[in-house]
Participant: 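What follows is a single structure, and I will ask about it in a moment.
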Amino acid sequence: MKINIFKNITIKQANILTIVAIFFVSLIFVGLLVDEMYKDYKVALNQSLIYSKTDVVDAKKIEEDRLKSILIKTILVVTTLSFIIFAIALGFYKILGILLQDDTEAFLEFFQEASNGEKSISLDMIVF
């Protein structure tokens, strides 16, 4: 038995699905970026540990704290920027939805008015 989830979907449900999809794509982006930065952090930490074996233990702790603070600041910046990108993508999606809705309404009005006779549609009515 074939089940089609998208057979009876409303426009509001499609909007919610699209927003959720954009959000998950941005989360995946942030996750991959943070994972890559953590790998770089581990490499930098290992390199600092190699050089600091001859130094005092305090120098190793200071270097480790410095690297952690850099990692945390960078992760916060990346996370903030990704949510800004999410908001921008959501804004573009909303604007596109409004434009398409206006075009659909213009078509519906035109067909309603043209139902009694033959009439051509004006190109100024349509954005897309």
Side-chain angles (χ1 to χ4, degrees):
M1 183 168 154
K2 186 176 178 182
I3 299 174
N4 192 352
I5 298 173
F6 301 110
K7 186 174 183 180
N8 295 326
I9 191 167
T10 64
I11 292 176
K12 188 169 189 154
Q13 290 171 338
N15 284 338
I16 292 170
L17 284 175
T18 306
I19 290 169
V20 168
I22 292 171
F23 182 70
F24 279 124
V25 167
S26 64
L27 282 181
I28 289 171
F29 169 73
V30 169
L32 292 174
L33 205 53
V34 167
D35 185 51
E36 186 67 30
M37 295 175 81
Y38 184 71
K39 288 177 185 175
D40 291 343
Y41 162 74
K42 282 174 42 176
V43 167
L45 184 63
N46 287 336
Q47 287 177 351
S48 70
L49 290 178
I50 290 171
Y51 294 124
S52 66
K53 284 187 179 180
T54 58
D55 297 339
V56 244
V57 176
D58 291 337
K60 181 175 91 170
K61 182 69 175 161
I62 291 171
E63 181 69 15
E64 187 176 320
D65 290 342
R66 185 182 69 81
L67 287 173
K68 277 185 185 177
S69 68
I70 290 172
L71 177 69
I72 290 171
K73 286 177 187 176
T74 310
I75 287 174
L76 287 174
V77 167
V78 167
T79 306
T80 304
L81 287 175
S82 69
F83 282 114
I84 290 171
I85 290 171
F86 171 70
I88 291 170
L90 195 60
F92 283 137
Y93 169 75
K94 193 73 168 172
I95 291 170
L96 183 66
I98 290 170
L99 291 174
L100 288 174
Q101 183 178 2
D102 289 344
D103 279 354
T104 305
E105 288 174 6
F107 272 124
L108 288 175
E109 279 181 26
F110 168 75
F111 286 127
Q112 202 170 33
E113 291 173 4
S115 64
N116 296 331
E118 204 171 295
K119 195 175 177 184
S120 64
I121 191 166
S122 172
L123 294 177
D124 296 332
M125 291 176 56
I126 304 167
V127 176
F128 287 103

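Just so you know, these numbers come straight off a predicted model, no measurement behind them.
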Participant: Measure the CD-CD distance between Gln112 and Glu105 for me, rounded to the nearest 0.5 Å.
Facilitator: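 If I round to the nearest 0.5 Å, the distance is 11.5 Å.
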Participant: Considering non-hydrogen atoms only, spot the tightest contact between Ile19 and Phe86 and give its length.
Facilitator: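 For Ile19 and Phe86, the tightest heavy-atom pair comes out as O-CE1, 3.9 Å.
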Participant: Rounded to the nearest 0.5 Å, what's the gap from CG on Asp102 to CD1 on Ile98? Could you check?
Facilitator: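 Between atom CG of Asp102 and atom CD1 of Ile98 there are 7.5 Å.
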Participant: Which residues, ordered by chain and number, are linked to Ile72 in its hydrophobic cluster, where ILVMFWY side chains connect at heavy-atom gaps below 4.5 Å, directly or through other members?
Facilitator: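 Besides Ile72, the hydrophobic cluster comprises Leu76, listed by chain and residue number.
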Participant: Which pairs with one or both residues in residues 28-38 pass salt bridge (Lys or Arg N to Asp or Glu O under 4.0 Å), sequence neighbours excluded?
Facilitator: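 As it turns out, the salt bridge (Lys or Arg N to Asp or Glu O under 4.0 Å) pairs with a partner in residues 28-38, which skip direct neighbours, are Asp35-Lys39.
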Participant: Report the distance from atom OG1 of Thr18 to atom OH of Tyr93, rounding to the nearest 0.5 Å.
Facilitator: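 So the gap between those two atoms works out to 3.5 Å.
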Participant: Mind checking whether Phe23 and Ile16 sit in one hydrophobic cluster, side chains of I, L, V, M, F, W, Y counted as touching below 4.5 Å?
Facilitator: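 Shared cluster, yes.
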Participant: Do Leu81 and Leu90 sit in the same hydrophobic cluster, where Ile, Leu, Val, Met, Phe, Trp and Tyr count as joined when their side-chain heavy atoms come under 4.5 Å apart?
Facilitator: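 No, it is not one cluster - the side chains of Leu81 and Leu90 are not joined through contacts under 4.5 Å.
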Participant: Does Leu108 have any side chain to side chain contact (heavy atoms under 4.5 Å, CB included) partners at least two apart in sequence or in another chain, and if so, which?
Facilitator: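 Thr104.
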Participant: Specify the closest pair of heavy atoms between Ser26 and Ser82, including all atoms of both residues, with the distance to one decimal.
Facilitator: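 Nearest heavy atoms, Ser26 then Ser82: CB-O, 4.4 Å.
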Participant: Would a hydrophobic clustering, with Ile, Leu, Val, Met, Phe, Trp and Tyr connected at side-chain separations under 4.5 Å, put Phe29 with Ile88?
Facilitator: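 Per the 4.5 Å side-chain linkage, Phe29 and Ile88 are not co-clustered.
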Participant: Considering only heavy atoms from C-beta outward, does the side chain of Leu27 approach that of Phe83 to under 4.5 Å?
Facilitator: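 Sidechains of Phe83 and Leu27: in contact.
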